[in-house]
Amino acid sequence: MEVSVKAVSKKMGLRQALNKVTTLFEPAAVHGVIGPNGAGKTTLMRLLAGLLTPDEGQIEYKTQSQTLDAKQIKNYIAYFPQEPSLYPDLSCLEHLEFFRDLYNLNETDFKHRSAELLQATAMTPFIGRPAGKLSGGMYKKLGLMCVLLNRPKLLLLDEPTIGVDPISRQQLWDLVYRYAGAQMSVIINTSYMDEAQRCAKVHILDAGALIASGGPQALAQKFNVTDFSEIFLKYGKKENER
């Protein structure tokens, strides 16, 4: 799925969360939206998920050259927020079954997909454990499994690796890589600059403005940096000198 963001602005209370952001998320790729806290990443993600509407500008979704309307979009998108969103008393299996019913999956597809996801995340031994008793990493893996059950065309992940141990963090990325491709586009928010290197294209936000978009290596060369965190230091310095 292709997502085109055109001059989108959004105010949250008195704060200008996004200011005339224009960028393109090409299909069949892993896109990273990076930036420090308060950059506007979560606001952009909620706009892409249809949970918020822009004050100005527009967002267009296309699949196979067909523009989708608001009702159609919901059938193609899966959104995993950074806030806790699972039921603490329900087990891992009960969560998967809940999403099976939500997505109206037949039993054959559900058994195949859930077994595949459980194996990929090493979560099979914890199938009966309540979500409220999972570690941070396991909790995030369960959430990702639930949204992947329906094989969405567009997967939106809002800082899924925050508070996750290194092994679970790698497993989460392995899972993203495994399903991203011709049938699924991925947009992932992150504050971890090293994760930008894992993306096919990076969209850099700072204080609600889009600084740049492009491949990680191309952007590093453009800004003459070796680490993406240096971009914010250089950009912020230039802004303060104006």
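Just so you know, residue 1 is the first one in the sequence shown, and it goes up from there.
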* Asked: Do the side chain of K10 and the main chain of G40 share a donor and acceptor less than 3.5 angstrom apart?
  -> no

* Heavy-atom check, side chain of M1 versus side chain of M184, under 4.5 Å -> no

* Could you go through the side-chain contact (heavy atoms from CB on, under 4.5 Å) check for Q16 and S9 one step at a time? => CA-CA 8 Å; Q16 189 69 46; S9 295; 3.9 Å; yes

* Does V30 belong to the same Ile/Leu/Val/Met/Phe/Trp/Tyr cluster as L48, with side-chain heavy atoms less than 4.5 Å apart forming each link? -> no

* Test item: Y61 side-chain N/O and L154 main-chain N/O as donor-acceptor pair under 3.5 Å -> no

* Asked: Out of curiosity, L51 CG to T42 OG1, how far, rounded to the nearest 0.5 Å?
  -> 11.5 Å

* Grab the two heavy atoms, one from A131 and one from L142, that are nearest each other, plus how far apart they are. => CB-CD2, 4.1 Å

* Asked: Are any non-hydrogen side-chain atoms of P216 and L219 less than 4.5 angstrom apart?
  -> no

* Please say whether more than 12 non-hydrogen atoms of neighbouring residues, nucleotides or ligands are located less than 6.0 Å from CD in E83. => yes

* Flag yes if more than 12 heavy atoms outside Q217 fall under 6.0 Å of its CD atom; otherwise flag no. => no

* Asked: Any idea which heavy atoms bring G35 and S191 closest together, and the distance?
  -> O-OG, 3.7 Å

* Asked: How long is the gap from NZ on K111 to CG on N106, to the nearest 0.5 Å?
  -> 10.5 Å

* Measure the spacing between CD of Q72 and CD1 of I77 and express it to the nearest 0.5 Å. => 11.5 Å

* Between the side chain of S168 and the main-chain N/O of V164, is any donor-acceptor distance below 3.5 Å? -> no

* Asked: Distance-only, no hydrogens or angles: does the K140 side chain make a donor-acceptor pair with backbone N or O of P160 under 3.5 Å?
  -> yes

* Begin from the C-alpha positions of T161 and E195 and carry the test side-chain contact (heavy atoms from CB on, under 4.5 Å) through to its verdict. => CA-CA 10 Å; T161 57; E195 292 189 346; 2.9 Å; yes

* Asked: Should T63 and E2 be marked as a side-chain contact (heavy atoms from CB on, under 4.5 Å) after you check the CA-CA gap, both sets of side-chain angles, and the distance that decides it?
  -> CA-CA 6 Å; T63 178; E2 178 183 289; over 6 Å; no

* Structure fact -> Heavy atoms of S91 and G128 approach each other most closely as CB-O, 3.5 Å

* Asked: Are side-chain heavy atoms of M145 and F99 found at a separation under 4.5 Å?
  -> no

* **Pair T190, E159: side-chain N/O donor-acceptor within cut-off below 3.5 Å** => no

* Asked: Looking only at atom types and distance, does a side-chain atom of D55 sit under 3.5 Å from a main-chain N or O of K11, one as donor and one as acceptor?
  -> yes

* Between CD1 on residue I127 and CD on residue E94, distance to nearest 0.5 Å -> 10.0 Å

* Asked: Side-chain contact, heavy-atom cut-off 4.5 Å: Q183 with R151?
  -> no

* Does Y177 belong to the same Ile/Leu/Val/Met/Phe/Trp/Tyr cluster as V147, with side-chain heavy atoms less than 4.5 Å apart forming each link? -> yes

* Close side-chain approach of R46 and Y79, heavy atoms under 4.5 Å -> yes

* To do: Using modelled atom types only, decide if a donor and an acceptor are shared between the side chain of H95 and the backbone of Y87 within a distance under 3.5 Å.
  => yes

* Structure fact -> Between the CG atom in L149 and the CZ atom in R100, the distance rounded to the nearest 0.5 Å is 10.0 Å

* Applying the 4.5 Å side-chain criterion to the ILVMFWY set and letting contacts propagate, would L44 and Y192 be lumped into a single cluster? -> no

* Asked: In the single-linkage hydrophobic clustering (I, L, V, M, F, W, Y; side-chain heavy atoms under 4.5 Å), do L156 and F80 co-cluster?
  -> no

* To do: Decide yes or no on side-chain contact (heavy atoms from CB on, under 4.5 Å) for I204 and V202, but give the supporting numbers first.
  => CA-CA 6 Å; I204 305 176; V202 176; 3.8 Å; yes

* Asked: For I167, which of Q170, R169, Q171 qualifies under side-chain contact (heavy atoms from CB on, under 4.5 Å)?
  -> Q171

* To do: Taking T43 for its side chain and A17 for its backbone only, find out whether a donor-acceptor pair lies under 3.5 Å.
  => no

* **Separation between OG1 of T121 and CE of M138, rounded to the nearest 0.5 Å** => 10.5 Å

* Side-chain contact, heavy-atom cut-off 4.5 Å: R113 with Y103? -> no

* To do: Would you name the heavy atoms of L47 and T53 that are closest together and state the gap between them?
  => CD2-C, 3.5 Å

* To do: Would you mind reporting whether N189 and I34 have side-chain heavy atoms less than 4.5 Å apart?
  => no

* Describe, in one word, how the ring planes of H31 and F25 are oriented to each other, choosing from parallel (under 30°), tilted (30 to 60°) and perpendicular (over 60°). => perpendicular

* Asked: Below 4.5 Å, heavy atoms only, C-beta onward: do L155 and I187 meet side chain to side chain?
  -> no

* Write down the atom of V5, the atom of V21, and the distance for their closest heavy-atom approach. => CG1-O, 3.3 Å

* With distance as the sole test, does K41 use its side chain to make a donor-acceptor pair with the main-chain N or O of P36 at under 3.5 Å? -> yes

* Transitive ILVMFWY side-chain link I59 to L205, under 4.5 Å -> yes

* Structure fact -> Closest heavy-atom pair, W173 versus C199, reported as atoms and distance to 0.1 Å, is CH2-SG, 3.9 Å

